[in-house]
Amino acid sequence: MYRLLSILVPLLVTTIFSFNVDAAGAKDVTTQGKKTQDPDSGQTCRPRKHCQPEEPPTDPEDPPAEPPATTFLNAGASYQMQLQGVLNLEYTVDAYVFDLFDVSAQTIADIKNSGAKAICYFSAGTFEEWREDAIDFAPEALGEPLGDWPGEYWLDTRHESVRAVMLNRIALAKQKGCDAVDPDNVDLHTQQSGFNISYAQQLEYNMFIASSAHDAQLFVGLKNNLDQLADLHTYYDFAINESCIRWNECEMLTPFINSNKPVFHVEYLGVSGVGSSEFEQMCTHTSELGIYSLVLPRELDDAYRFSCQ
């Protein structure tokens, strides 16, 4: 009997130990399977972020987004700008500037098929009550009215609702097929807007607009705001200027020309001013600088167009 027990007891202990090891091993395999399961496979994870791979941290010192890989236009390129009325595409120009909301994707495609660049205008610094996205601005982001433009008010460009609308407008420009955007009213630090916008705050906003356009693979133009041109010309791909002759400021645009970027200039002289000594002086001066100049109606409705070239 003693001899039988000495044989059976070691066998029983070995069997129990083996069973426990196998069970533990099976449990570990099941747990490991759950850990590697795809986080979107229906597995419950709390908090969910622990089930997803961590995103690499963003570097606040990252350089601004690069413009699209395709080329835009060189200094001296020609253009036409029309923001009201049925768009006239009968001009032989390198670029058309037109309202983002009023021109169809098909018309934009026609412009591009003709070999010209499509530049889509929108206001980046004012509220326009007739726009389809006007409801998206927070009421507290609206400031003082623009005296000469009924239904238009300055915006607090620091407000998150303003920036969200601008991102949507840039996305719409991309969706419709625009090559570039022309964001207007980007000099609130010099205006009686109802908001205390500093130079630094305006500069940051304008860099935000440029980087957002480049992120969408769109070119972007600096509209007026010569006060900040020295800080911004490397962020922007072209310039659109109104009335630099009137204010004796055209030389301030040379950083764009020196970088082989086009400057599109307009003076509002009226038909009576065309052919005058003022018109001749404007054409001589801007041509020497490499700026493409037009005389257009203030309404920008294609009622007339006079070019120096």
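Values in this document were obtained by computation on a predicted structure and should not be read as measured data. One-based numbering along the sequence shown.
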Once ring pair (Phe, Tyr, Trp, His ring centres under 6.0 Å) is applied, do any residues pair with [X], and if so which ones, sequence neighbours excluded?
X	answer
Y153	none
F101	none
Y91	none
H233	none

* Any side-chain hydrogen bond (donor to acceptor under 3.5 Å, both in side chains) pairs touching residues 270-285, not counting sequence neighbours? -> E251-H285

* Asked: If you look only at pairs with a residue in residues 134-146, which of them pass as a side-chain hydrogen bond (donor to acceptor under 3.5 Å, both in side chains), with sequence neighbours excluded?
  -> E140-H159

* **disulfide (SG to SG under 2.5 Å): pairs with one or both residues in residues 177-207, sequence neighbours excluded** => C120-C178

* Structure fact -> Residue pairs passing the disulfide (SG to SG under 2.5 Å) test with at least one member in residues 230-263, sequence neighbours excluded, are C244-C250

* To do: Classify the side-chain pair Q228/N206 by whether it contains a donor and acceptor separated by less than 3.5 Å.
  => yes

* Could you check whether the rings of Y199 and H189 sit parallel, tilted or perpendicular, using 30° and 60° as the cut-offs? => perpendicular

* Work out which heavy atom in P68 is nearest to a heavy atom in H214; give both atom names and the distance. => CD-CD2, 4.3 Å

Please list all pairs passing the salt bridge (Lys or Arg N to Asp or Glu O under 4.0 Å) test where one or both residues lie in [range], with sequence neighbours left out.
range	result
residues 209-225	D182-K223, D184-K223
residues 74-102	D99-R131
residues 165-177	D133-R169

* Asked: For residues 115-148, which residue pairs qualify under ring pair (Phe, Tyr, Trp, His ring centres under 6.0 Å), counting only residues two or more places apart or in two chains?
  -> F127-F137

* Mark yes or no for whether Y205, through its side chain, and V186, through its backbone, hold a donor-acceptor pair below 3.5 Å. => no

